[in-house]
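Quick notes on the structure that follows.
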2 protein chains.
Amino acid sequence: MNHRGRGARALEQRVVDVIHARGLRPGMALPTEPQLVELLGASRNSVREAVRALQALGIVEIRHGYGTFVGDASLSGLSTSLAFRVRAGVGAIQDLVEVRELLETGLIGTVATDGLSTARLAELDELVAMMAVDSEADRAFHALLYADCGNELVLRLIELFWDTYHEVEHVLGEPAERTEATVGNHRRILDAVRAKDPAAARAAMQKHFAEVRTRIAQATET
Amino acid sequence: MNHRGRGARALEQRVVDVIHARGLRPGMALPTEPQLVELLGASRNSVREAVRALQALGIVEIRHGYGTFVGDASLSGLSTSLAFRVRAGVGAIQDLVEVRELLETGLIGTVATDGLSTARLAELDELVAMMAVDSEADRAFHALLYADCGNELVLRLIELFWDTYHEVEHVLGEPAERTEATVGNHRRILDAVRAKDPAAARAAMQKHFAEVRTRIAQATET
DNA sequence: ACCGATTTGTGCGTATGTATG
DNA sequence: GCATACATACGCACAAATCGG
């Protein structure tokens, strides 16, 4: 047994340790490859592979011919991993929607309790109106609904799941028509938020996702 | 000279394409490095860097001296990315815990409604008993609680957020003692599930996370 | 328990493309 | 345009790990 742990992953961690030890912030430059080779006592290949792995996780950002910089660890790694997962798995689409439902039904309760500004409500009204003809309005609606919840992570996650869902929806399913039912569901959600009625908001959200699920079930059966 | 597309990311995608094209399922072997070199027309180092990036995302699993295999995209490798994000100040620990709370309070309702087998309940009883002395029992409890929910994705996500939380907890805070209050909260959750009382289960879960949040608030103030 | 084949891990050298000054 | 520094890519050789005979 190596007291250093598995060689491959150990190097990645040591690069991260260098970042933390030097107090490097996102956007700042890492030591150059020769410097990392000298610091970590490993060959160029090993260092490069470790840095490449960290790039896949969004921890560092490599710019050709310029240098390696600290990244912001965006959720792009989760995105590609999820995309692979839904293509490999069978029931993965339902799982994806169920996660969205868990997050959004929970969040809509707090949003409805706290309430939204009249300006924000007006923006959402407009998005609902456009939803019948513009599929992008749907995404914008869900994003804007939780924009003020103060949780950046859950915002990114909802956007990420939404994007992944629509990628695979287009690949493996029919183009979902923006039916009157969909628009009506979103309007009910918005009305409940405007009335500051958390229970009604949750119920409307559940009804919305229930219809999404049935639409998926129909598409996957064919 | 080289093929089109950005060298690094393009190779990763092409390796993934090979997996999809051959219908490789998780656990099955990828072509060997020399074969990938032949298939993709790239050097061995480039292929290795691409595969290492995929390993960081859990898409493939590399076993020294044996081969490279399709991974299950367990998302466990992404905990370092999320942990880095939190430590870099991009996201907050509270956000992380809030996402866990949203997922688990939503899930525990369905679990309590459907009920669990007596065998599963006995296992959970045992984990609660061990929780006072074994911190790993806490993770196992939350994992086992939703093991039968039929949603593999949400399971992995809960594991991911739990691992990330405990990584940053160890780095930036004191080792959290398994207090009697923690054990009691988990017992209350379990009792509510046994009684098939969704409302009580959700309430117990919220109480659990409320105490986690206060513990975080105390740690971040110091 | 050893051997040998296979596969991944590591190290080194060199050439090329790219951004900065 | 030129020079410098850097990342990128390629090729080769050897070490380490695993499996099956």
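Quick note on labels: first sequence line is chain A, next is B, and so on, each numbered from 1.
- Nucleic acid contact class of A/Arg48 (heavy atoms, under 4.0 Å, all strands): base.
- To the nearest angstrom, P of D/dC10 lies 11 Å from CG of B/Leu40.
- Considering only side-chain N and O atoms, A/Ser46 lies nowhere under 4.0 angstrom from the phosphate OP1 or OP2 of C/dG9.
- For A/Glu126, the CD atom sits in a loose shell: 12 or fewer heavy atoms of surrounding residues, nucleotides or ligands are nearer than 6.0 Å.
- To the nearest angstrom, P of D/dT8 lies 8 Å from CD of B/Glu49.
- Applying the side-chain contact (heavy atoms from CB on, under 4.5 Å) test between B/Tyr165 and each of B/Val99, B/Leu160, B/Val97 identifies B/Val97 as the sole match.
- Residue B/Leu11 contributes atom CG, which lies 12 Å from atom C1' of D/dC10 at whole-angstrom precision.
- A close approach under 4.0 Å does not occur between any side-chain nitrogen or oxygen of A/Thr32 and OP1 or OP2 of D/dA7.
- Taking the ring axis of B/Phe209 as reference, the NZ or CZ atom of B/Arg100 does not stay both within 45° of it and closer than 6.0 Å to the ring centre.
- Look at CG on B/Leu36: it is 12 Å from C1' on C/dT7, rounded to the nearest Å.
- Look at CZ on A/Arg52: it is 10 Å from C1' on D/dA7, rounded to the nearest Å.
- For A/Ser43 and C/dT10, the shortest distance from a side-chain N or O to OP1 or OP2 is not below 4.0 Å.
- More than 12 heavy-atom neighbours from other residues, nucleotides or ligands sit within 6.0 angstrom of CD on A/Glu136.
- The separation between A/Gln55 atom CD and D/dA7 atom P is 12 Å, rounded to whole Å.
- Phosphate proximity of C/dG9 to A/Arg44: absent, as no side-chain N or O sits under 4.0 Å from OP1 or OP2.
- With rounding to whole Å, A/Tyr66 atom OH is found 18 Å from D/dT8 atom C1'.
- For the pair A/His64 and A/Asn45, nearest-nucleotide mapping onto DNA chain D gives the more 5' position to A/His64.
- Distances shown here put a side-chain N or O of B/Thr68 below 4.0 Å from the OP1 or OP2 atom of C/dT8.
- The one candidate from B/Val70, B/Leu54, B/Val60, B/Leu57 that meets the side-chain contact (heavy atoms from CB on, under 4.5 Å) condition with A/Phe84 is B/Val70.
- Here C/dG13 presents its P atom at 16 Å from CD of A/Glu33, a figure rounded to the nearest Å.
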